[in-house]
Amino acid sequence: NVGIGTTSPGTNLEIYGANANLLKVTRSSVANANIQYSNGTYNMYAGLNPTGNFGIGSAIDLAVAPFIVTSGGNVGIGMTAPSGILHIKSNDLGLVFQSSATANKRIQTFYWDDVGTQTARIGVDISGTDDDDLQFVAGSGSTPMLHIEANGNVGIGTTNPGAKLDVSGAAEGIRIAGAGSSGPGS
């Protein structure tokens, strides 16, 4: 075992020190500067690509790595030039969410404003009825305002639609209007 800054290294190479930057890898040209990880059969590389972005991939050329973090903080999965905070590109399933629960298998995407207040959420089984229906909540509440059942029924104001379109509420149900027209059938 080799120790740098320690006389009792616990592994093949151990670096010990008070600095935050304990190891520096520098390449003499503007090209990939990688660290290779290998188990003898499989190889992975991590480091900077020629454009200064951090990449992780199975090819030594990290310019085409499947996982990229730009110097601006954007993350690309399957995308070498992410145009948003998280940019995912796939010719297969794309993004998969899977619950590990056998009951209350809620999977939700929350939308919050800049101070952390929920503004909306979309998900499966938001209402906790242990179903596979897609539900939409607007605002900070938990009651779905739009409910799409696995059988194709759609509920607005109800989580138990009894028809292809079931609208429920104390106010007017459905209004259909056209610009500059009035009356039935307009």
Subject >> Check: L22 main-chain N/O paired with N19 side-chain donor or acceptor under 3.5 Å >> reply: no
Subject >> Which atom of T158 lies closest to which atom of H147, heavy atoms considered >> reply: O-CB, 3.5 Å
Residues 2-14 side chain polar contacts: donor-acceptor under 3.5 Å, at least two apart:
from: T6; atom 1: OG1; to: S8; atom 2: N; distance (Å): 3.2
from: E14; atom 1: OE1; to: G10; atom 2: N; distance (Å): 2.7

Subject >> For E149 against P161, the heavy-atom pair lying closest together >> reply: OE2-CD, 3.4 Å
Original post:
If you draw a 6.0 Å radius around OH in Y16, do more than 12 non-hydrogen atoms from other residues or ligands fall strictly inside?
Top reply: no
Original post:
Can you name the nearest heavy-atom pair linking S38 to G40, along with the distance?
Top reply: OG-N, 3.1 Å
**OP:** With sequence neighbours left out, write down each residue that passes side-chain hydrogen bond (donor to acceptor under 3.5 Å, both in side chains) with S83, or none if nothing qualifies.
**Re:** H87
Subject >> Contacts of type side-chain hydrogen bond (donor to acceptor under 3.5 Å, both in side chains), residue N53, not counting sequence neighbours >> reply: T51
Original post:
Is there a donor-acceptor pair under 3.5 Å between the side chain of N32 and the backbone N or O of N34?
Top reply: no
Original post:
Who passes side chain to side chain contact (heavy atoms under 4.5 Å, CB included) against V69, sequence neighbours left out?
Top reply: F54, F67, V75
Subject >> Whether T119 side chain and Y111 backbone form a donor-acceptor pair below 3.5 Å >> reply: yes
Subject >> Results of side-chain hydrogen bond (donor to acceptor under 3.5 Å, both in side chains) for D166 - residues two or more places apart only >> reply: none
Original post:
In chain order, what residues pass the side chain to side chain contact (heavy atoms under 4.5 Å, CB included) check against A81, with sequence neighbours excluded?
Top reply: none
**OP:** State the CG-CD1 distance between N49 and I60, to the nearest 0.5 angstrom.
**Re:** 13.0 Å
**OP:** Flag yes if V25 and L62 sit in one hydrophobic cluster, no otherwise; membership is Ile, Leu, Val, Met, Phe, Trp, Tyr, and two members link when side-chain heavy atoms are under 4.5 Å apart.
**Re:** no
